[in-house]
Amino acid sequence: MYNEVKVTDKIFHIGVNDRRKELFENLWPLPNGVSYNCYLVNDEKTALIDTIEMGTGGDFVGQIMSLLNGKTLDYLIINHMEPDHTGEIGNVVRSFPNVKIVGNNKTFKVLEAYFGIKDNLLEVKDGDSIELGEHKLSFTMTPWVHWPETMMTHDTDKGILFSGDAFGSFGTLDGGVFDDEVDFSFYEDDMLRYYSNIVGKYSNMVQKAFAKLAGLDIKIICPLHGPVWRTNPSKVIGLYDKWSKQEGEEGVVIIYASMYGNTARIADYIARQVAEEGIRNIRVYDVSKTHISYLIRDVWKYKGVILGSCAYNTCMFPLMEHLTSEFEHYGIKNKFLGIFGGYSWSGGGVRNLMAFAERIKWDLVSGSCDVEGKPNSEKTINTKAIAVNIAAKIKA
Ligand code: FEO
């Protein structure tokens, strides 16, 4: 038994919800699960656009056969080769041995590496298209959104963009599939967590993809994860545009590493001072408690970042070291940075945070403080300057 979800008369959404997996890519927590979407065009010719992750879809091929109602599958279009979307390729090809597999030269290299498939390939380039009858599908290469082979498929008849990972989100589709059927507030934070952690590193390529897609008629966006945007696609386009330009919002994220609570106390002290400067969006996190994906999300979201680390073996605390290295790895930019920390003997937390600041070239505000032992108002006199300076820069 399957839901028959129509995007249009001849295009079906075939999605599965994964509520079992703990970690997406064995890395990112999924408290709200994730959906794997794919799409079937049932015109004179038929095309399946992407598949789902292996083992999540029950009788995936059976569902497709039921929708095709005796017709064969003519095309399998692969917009993206990551295994969360290609797990059923083997079953599809075994069930429809004459299916033509549509992709680009990079797609086919990965396809062969994963599946050993070398036959029945139809290589497409930018602007190529296939006719299905009423529907004509054209292809746009969008490399690195999210892998090098990534492309998007555009239905020129209905103005539908099959966008791959782009415009996707964590979070299962709990009955509602379309943007007008769901409360977007359920998805928004997880959409940014998905964007910042999965796609964000390639933000400049997202901007290049936007430039290439600019001339297309886009009325509906069908991503591989999360809701289908049929009513207000400009909303998700606007969010992706803002996020990929790394235009932060007014707010400050304070992340600290603390073994015995002293650096944590300074974090709360600074948070209050930042609030007194009129900043309303303030988030304070313990790096040892909160998963890094949430920290990256909020750092992506807000303009201000204040990092605090106790010293650990004359270095930063290891999890702060990991976090800051990820900031560099992701190429996060356009941030105002404040630094604080504490130590018991020779220090190392603040010293190494300063070295990080130099490498990443965020705008370091003056007023850092490195507290020996237990903090008190005298030792933390400089935190006021951090709060005042970062708030002033954010509001400027
Ligand atoms: Fe949803 Fe890059 O895979």
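Fair warning: this is a prediction, and the values are worked out from it, not measured in the lab. Counting starts at 1 for both ligands and their atoms, in listed order.
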N-O pairing of [X] and [Y] below 4.0 Å:
X: Glu44; Y: Lys71; value: no
X: Asp190; Y: Arg193; value: yes
X: Lys301; Y: Glu188; value: no

How about atom 2 (Fe) of ligand 1, which protein N, O or S atoms come within less than 2.8 Å?
-> His80 NE2, Glu82 OE1, His146 ND1, Asp165 OD2
Determine, using ring centers only, whether His225 and His85 are less than 6.0 Å apart.
-> yes
Pair Tyr294-Tyr285, ring-ring contact (aromatic ring centres under 6.0 Å, His included): steps then yes or no | CA-CA 9 Å; Tyr294 297 90; Tyr285 293 110; 8.1 Å; no
Which atom, counting only N, O or S, brings His225 closest to atom 1 (Fe) of ligand 1?
-> NE2
Look at atom NZ of Lys6 and say whether more than 12 heavy atoms of other residues, nucleotides or ligands are closer to it than 6.0 Å.
-> yes
